[in-house]
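Remarks on the structure that follows.
Below, read A as the first sequence line, B as the second, and so on, with proteins coming before strands; counting in each chain starts at 1. Predicted, not measured: the structure shown is a model, and the values here were computed from it.
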Amino acid sequence: MRLRVATGSPAALKVVAAARSAAAPVQLCWAEPGEPPPSPLCPPWAPALQLESGAVLFSPNAICQYFFLRRGQQPTDLTAQWLEWEATELQPAALAALYARLVHGRTGAEAAAALGGALGHIERSLAGRGTAYLAGDAESVADVVVWGTLFPVLRDEAVPVAELLQSWFRSMTRSEACRSAADTVLLPQRLQEFTACLQKLPPPRPLPGTAAGC
Amino acid sequence: GPVGDELALLEKALGLQSGNKYGAQGERQVPVLQTNNGPGLTGLITIASYLVKQAKKEQLLGSSAEEKAVVHQWLEYRVTQVDRQSSREDTRTVLKHLNAHLEDKVYFAGNSFTLADILMYYGLHHVMVDLTVQEKEIYLNVSRWFNHIQHYPGVRQHLTNVVFIKNRLYTNAH
């Protein structure tokens with residue numbers, strides 16, 4: 001299967017990390033600027049996974065989910081809940097934070113204020129369940145998906161992060177799959193392309209109350 | 001609220017005894033289901049998938065790994081794109097996308113009826129009710145799919161039947 005990622009795509013990190021974490025045999029291809037996406041449904045900057053059947057997955061979370069499913073890891077109520085929360089709450093907040101940081105030149109801490117409610121939600125959830133990972137004692141698709149969205153914001157050491165979240169985030173960042181994905185996707189010149197890609201997106205719409213977690 | 005109503009429709013479509021009470025939280029009115037054990041479940045996809053498992057109709061979540069991922073993708077599209085349309089322009093974009101996807105498919109996941117069809121039907125009902133005859137023809141594949149799902153046993157319930165001109169829907173079929 002062929003995983004096509006556009007240079008600078010904010011979602012590239014999580015799909016590459018998920019492929020490595022679930023040991024999925026993907027052929028990674030960087031889309032050339034201006035290259036048309038493999039399906040009219042794919043936004044040009046979104047990753048696309050072309051399956052042997054000919055089907056194309058264009059949702060980054062569905063792509064991550066597929067890598068874990070084909071290895072036999074079925075979704076649970078908790079992984080489903082994290083993926084839904086990530087798609088509806090965390091992604092818009094993280095995009096607003098990155099936009100503030102890279103396009104408007106705000107400091108990492110200022111930018112992360114956009115994420116405040118979402119970070120609090122993760123910290124409370126880790127504390128409430130008392131597990132090392134988001135959906136239990138072992139790493140799951142939920143950890144990779146949430147990590148992939150947070151990494152570009154939280155890699156800035158100046159961002160204040162609570163204790164349990166910090167320890168989860170560090171252990172994810174140190175894992176082989178995430179480290180190699182970050183090396184592949186966020187190389188210095190790629191970070192510039194990441195900024196360039198964000199500049200082309202419309203400014204994030206203010207989403208009332210979305211960052212406020214549950 | 002509307003999300004609780006939708007989940008009550010889903011319970012009935014799945015043949016479950018209703019009795020769950022749904023709360024809603026935040027500006028987006030995200031549904032919350034309090035379960036007997038644990039902190040409860042939050043989010044439309046999460047609760048709907050839980051209800052499908054309760055009803056022992058797991059095939060509605062997809063059979064193969066690929067079908068499960070495709071179902072997940074369209075459930076996510078429902079909550080991130082269909083539910084966020086804030087203008088007529090957004091609605092048109094969504095209908096255009098869905099029309100392209102459904103061009104060569106009976107259901108969202110291809111040949112199998114899944115939860116993606118049920119939740120997309122509930123999520124689009126208010127849009128389809130308002131389409132003009134001309135718009136129903138522009139989004140012909142969406143119209144054909146919608147008409148099919150509204151006649152699927154147990155799905156529509158008390159919702160308004162949307163009228164389509166049948167020979168238009170099917171003469172252009174592949």
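Remark: A:Gln81 CD to B:Thr42 OG1 distance equals 4.5 Å, nearest 0.5 Å. Of the inter-residue distances, the one linking A:Leu83 atom CG with B:His72 atom NE2 reads 4.5 Å to the nearest 0.5 angstrom. With values rounded to the nearest 0.5 angstrom, A:Leu51 atom CG is found 4.5 Å from B:Glu66 atom CD.
Proximity to chain B among residues 53-68 of chain A is limited to A:Ser53, A:Ala55, A:Val56, A:Leu57, A:Phe58, A:Ser59, A:Asn61, A:Ala62, A:Gln65, A:Tyr66, judged by heavy-atom separations below 4.5 angstrom.
There is no contact between A:Gln91 and chain B, counting heavy-atom distances below 4.5 Å. Heavy atoms closer than 4.5 Å to chain B are found nowhere in A:Thr79, neither backbone nor side chain.
For the residue pair B:Leu44 and A:Glu84, the shortest heavy atom distance occurs at N-OE2, 2.8 Å. Scanning all heavy atoms of the two residues, the minimum distance from A:Thr88 to B:Arg84 falls at O-NH2, 2.8 Å.
Heavy atoms of other residues, nucleotides or ligands lying less than 6.0 angstrom from CG of B:Asn111 number 12 at most. Within a 6.0 Å radius of CD in A:Glu163, other residues, nucleotides and ligands contribute 12 heavy atoms or fewer.
Put simply, of B:Leu41, B:Val30, B:Thr80, the one with the most heavy-atom pairs under 4.5 Å next to chain A is B:Leu41.
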Could you give the side-chain donor-acceptor pairs of residues 51-61 of chain B under 3.5 Å, partners two or more places apart or in another chain?
| residue | atom | partner | partner atom | Å |
| --- | --- | --- | --- | --- |
| B:Lys53 | NZ | A:Asp77 | OD1 | 3.1 |
| B:Lys57 | NZ | B:Leu14 | O | 3.0 |

